[in-house]
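What follows is a short report on a single structure.
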There are 2 protein chains.
Amino acid sequence: MKEKELRRSLAVLPIGTVMKLTSLTARQIRYYEAQQLVFPERNEGNRRMYSLNDVDRLLEIKDYLADGVNVAGIKAIYDQQQQVAQAKAAAQQKPLTDEDVRRILQDEFIRQGGLGHPAPGMQRPL
Amino acid sequence: MKEKELRRSLAVLPIGTVMKLTSLTARQIRYYEAQQLVFPERNEGNRRMYSLNDVDRLLEIKDYLADGVNVAGIKAIYDQQQQVAQAKAAAQQKPLTDEDVRRILQDEFIRQGGLGHPAPGMQRPL
DNA sequence: CATTCATGTCAGATAATCTAACATCGGCGT
DNA sequence: ACGCCGATGTTAGATTATCTGACATGAATG
């Protein structure tokens with residue numbers, strides 16, 4: 001399943017396509033980037049280029065906002081997810097301490113509740 | 001698996017992206033379209049928009065050309081494939097006659113030999 | 001050698017995207 | 001009520017990407 005990940009993270013979509021796929025305006029998409037919720041790449045001509053993962057994330061952001069979570073809240077969520085991911089990556093280097101395990105598990109349980117939002121690592125079709 | 005097909009046939013890529021994914025020039029891509037080997041859609045502004053299936057097909061075309069098959073030959077191949085597809089579709093309507101069966105089977109066997117080209121319906125990992 | 005096929009290249013026009021700035025609008029605290 | 005702030009709309013001017021159409025080229029081939 002390594003190929004699939006690569007495909008989904010390839011930055012191949014211009015913002016116009018992303019607008020259609022997400023029903024967001026260019027203004028919104030750029031604003032979420034300014035708020036560090038998404039990180040599109042840039043092509044040689046400085047145009048933003050998005051991956052399918054980026055589209056997924058934008059749809060997720062849309063859901064969160066519709067549920068009343070504000071941008072700062074969403075950012076906090078993603079920041080935490082990144083910490084978990086880093087912890088997991090580090091865990092593959094050196095075996096983790098008991099405290100690490102506790103922190104990671106706690107983080108994941110925290111994210112369990114909520115409003116029907118996808119658990120971290122879940123991705124929707126397309 | 002209906003979703004996957006839909007995804008792969010969604011026209012979301014501009015020609016610049018397709019150029020990178022296929023290592024073809026815009027000139028080549030447009031020429032293959034003029035020769036009816038690919039059929040990109042157009043957006044509201046008349047820009048060509050390609051699907052992942054289109055990218056697959058372009059890579060296939062590249063392989064055929066590298067093997068010495070010329071554009072007319074490739075077109076003939078694709079025309080036949082389309083006939084087969086139509087026959088199969090029709091077969092779901094009314095049961096097919098013996099002659100139909102013979103023609104279809106013959107078509108498929110013809111495509112068996114060759115130079116290591118993908119059988120019809122095969123798709124490479126993008 | 002003249003053609004044809006596949007591709008390169010160029011020019012002029014149009015579309016898409018960029019940044020930066022200012023406008024709007026709803027909620028919220030004072 | 002007033003003013004602030006977060007999220008989004010809108011506009012202008014500049015830049016990049018893509019379009020069509022034409023002409024050029026290099027290799028193969030009769």
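Side chains are part of it too, since the values below use all heavy atoms of this structure and drop only hydrogens, waters and symmetry mates. Protein chains get the first letters and strands the later ones, always in sequence-line order, with residue 1 at the start of each.
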Those residues that, when tested against [X], pass side chain to side chain contact (heavy atoms under 4.5 Å, CB included) (two or more places apart):
X       : answer
A:Asn43 : A:Arg47, A:Met49, B:Lys20
B:Ala26 : B:Ile15, B:Met19, B:Arg30
B:Ser51 : B:Asn53, B:Asp54

- Query: Does A:Tyr31 make a side-chain N or O approach to OP1 or OP2 of D:dA7 shorter than 4.0 Å?
  - Reply: yes
- Item | Short side-chain N/O contact to D:dT8 OP1/OP2 from A:Tyr32, under 4.0 Å | yes
d([atom1], [X]; [atom2], [N]) in whole Å:
X       : N     : atom1 : atom2 : result
B:Glu33 : C:dA6 : CD    : C1'   : 16 Å
B:Leu24 : C:dA6 : CG    : C1'   : 12 Å
A:Ile29 : D:dA7 : CD1   : P     : 16 Å

- Counting primed atoms, P, OP1 and OP2 as sugar-phosphate and everything else as base, the B/S/- map of nucleotides 9-24 of chain D against protein heavy atoms under 4.0 Å is BB----BBBBBB----
- Message: I need the full list of salt bridge (Lys or Arg N to Asp or Glu O under 4.0 Å) pairs touching residues 31-41 of chain B, with sequence neighbours left out, sorted by first then second residue.
- Response: B:Glu33-B:Arg42, B:Glu33-B:Arg48
- Within residues 70-79 of chain A or reaching into it, pairs that qualify as salt bridge (Lys or Arg N to Asp or Glu O under 4.0 Å) - sequence neighbours excluded: A:Lys75-A:Asp79
At a cut-off of 3.5 Å, list every protein nitrogen or oxygen paired with a nitrogen or oxygen from nucleotides 26-30 of chain C, distance to 0.1 Å.
none

- Note on the structure: Taken in chain and number order and not counting sequence neighbours, the residues that satisfy salt bridge (Lys or Arg N to Asp or Glu O under 4.0 Å) with A:Lys62 are none
- Query: For A:Tyr32, which residues count as a side chain to side chain donor-acceptor pair (under 3.5 Å) partner, sequence neighbours excluded?
  - Reply: none
- Message: Would a single hydrophobic cluster contain both B:Tyr50 and B:Phe39, if residues Ile, Leu, Val, Met, Phe, Trp and Tyr are joined by side-chain heavy-atom contacts under 4.5 Å?
- Response: no
